[in-house]
Undergrad: 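To start, I am sharing the structure in question, which I have written as structure tokens.
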Amino acid sequence: MSTEARGSLRVVGLGPGPEAWLTEEARQALALAGHVIGYHTYLSRLPELAGKVLHGSDNGDELTRAHQGLALAAAGAHVVIVSGGDPGVFGMAAAVFEALEQSPAAFRSLDVAVLPGVTAMLAAAARLGAPLGNDFCALNLSDNLKPWALIEKRLALAAQADFVIALYNPASRTRAEQVHAAFAILRQHRVASAVVVFAQAVGRPDEALSVTTLAEADPAQADMRTLILVGSSTTRCIERPGALPWVYTPRRASGSV
Ligand code: SAH
């Protein structure tokens, strides 16, 4: 057999948790992979890893993992880099292209593909009803890779533009205060009765959802496994007995903000 067999790199979204939310394409890519790169916690959730070389890591050094994946693929291996949710949404895909830009020109002919997954925002929205039924935007509240001032600006403008807002990475052990600052900005631009959802660990055994208002929301409820949804001026609830209300945003919006 040729030792120069063409390798491949697949950047694979695993969805938010359960296997039923793993796409068939992702499942097949994992089955074909010789090497799987990703966070330990993601690797531990994967089915059928026998016979594969696992490169688990704890740290947030995405660029190093991306370079590692490209180098292995260039050497002829079939490599999967996994990301939770969708790899293109605050995940590994952008890190892979940052690494590709920095790599030797020959790497540009590598067989690279990004395989989509169910992002946390869509999983949370599906649980609640249809909160993203009208225009929405997604913001990453982490200031690890961008200045906090930019986050504040985008948040204020998104709030003024009356988008439904999905907040990824609202807090972590080292970033507990910023989510409070974010809510202070939201409260300047949105009415107190605006719907707010905390969706924690969606799809996992410890899933917890809560529906509240901007006035009553306690930002301290958010952790690194929480996605926050902030409704627009038209987002509303349909109460139902014995369960959380449905949350939805009607398809029609008036011109007034
Ligand atoms: N690529 C991922 C997002 C990575 S950023 C995706 O597409 O979903 C990590 C953030 O995603 C977390 O801080 C949290 O805000 C959100 N998140 C990821 N999985 C989640 C889940 N199962 N439930 C709720 N939020 C989740």
Side-chain angles (χ1 to χ4, degrees), residues 10-23 25-26 37-46 57-63 65-66 69 80-98 114-129 131-132 136-146 151 154-155 158 164-180 182-183 186 196-212 217 219-230 244 247:
R10 299 287 176 262
V11 192
V12 172
L14 299 178
E19 253 195 76
W21 285 351
L22 187 69
T23 68
E25 185 183 43
I37 300 175
Y39 283 126
H40 284 302
T41 39
Y42 294 150
L43 297 187
S44 65
R45 293 209 310 253
L46 294 176
S57 62
D58 281 327
N59 61 47
D61 194 355
E62 281 102 5
L63 199 57
R65 274 183 279 148
V80 160
I81 297 183
V82 295
S83 232
D86 181 274
V89 180
F90 313 131
M92 280 300 299
V96 166
F97 293 108
E98 285 169 32
V114 179
L115 311 189
V118 178
T119 188
M121 171 180 74
L122 300 185
R127 283 284 196 259
L128 289 152
L132 306 179
F136 60 87
C137 68
L139 295 177
N140 186 343
L141 273 199
S142 168
D143 65 346
N144 287 347
L145 299 169
K146 61 188 170 187
I151 297 171
R154 287 184 174 160
L155 195 54
V164 176
I165 302 172
L167 297 176
Y168 283 78
N169 277 313
S172 70
R173 268 173 236 108
T174 54
R175 284 189 308 107
E177 291 312 312
Q178 288 165 343
V179 66
H180 293 269
F183 268 79
L186 291 167
V196 171
V197 172
F198 292 92
Q200 193 177 54
V202 179
R204 311 222 185 110
D206 51 343
E207 173 175 308
L209 302 171
S210 64
V211 179
T212 180
Q221 224 184 302
D223 64 10
M224 62 191 297
R225 299 168 317 143
T226 306
L227 180 106
I228 302 174
L229 287 173
V230 183
L244 278 181
V247 178

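Ligands are counted one by one from 1 in listed order, and the atoms in each one are counted from 1 as well.
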Undergrad: Which protein residues come within less than 4.0 angstrom of ligand 1, counting heavy atoms only?
TA: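 Protein residues near ligand 1 are P16, G84, G85, D86, V89, F90, T119, A120, Y168, N169, P170, A199, A201, V202, R204, M224, R225, T226, L227.
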Undergrad: Using a 3.5 Å distance criterion without hydrogens, assess whether the side chain of K146 forms a donor-acceptor pair with backbone atoms of N140.
TA: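 Yes, because the side chain of K146 sits within donor-acceptor range (under 3.5 Å) of the backbone of N140.
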Undergrad: With sequence neighbours left out, write down each residue that passes salt bridge (charged side-chain N to carboxylate O under 4.0 Å, His left out) with R175, or none if nothing qualifies.
TA: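 Per chain and number, R175 pairs via salt bridge (charged side-chain N to carboxylate O under 4.0 Å, His left out) with no residue.
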Undergrad: Is there a donor-acceptor contact under 3.5 Å from the side chain of R204 to the main chain of P16?
TA: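 Here the side-chain-to-backbone pair exists.
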Undergrad: Partners of D223 by side chain to side chain donor-acceptor pair (under 3.5 Å), sequence neighbours excluded?
TA: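 D223: side chain to side chain donor-acceptor pair (under 3.5 Å) contacts with Q200, T226.
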Undergrad: What side-chain hydrogen bond (donor to acceptor under 3.5 Å, both in side chains) pairs are there with at least one residue in residues 86-98, not counting sequence neighbours?
TA: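 Residue pairs passing side-chain hydrogen bond (donor to acceptor under 3.5 Å, both in side chains), neighbours aside: none found.
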Undergrad: Counting distance only, does the side-chain N/O of T23 pair as donor-acceptor with the main-chain N or O of A26 below 3.5 Å?
TA: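 Looks like yes, one N/O pair under 3.5 Å.
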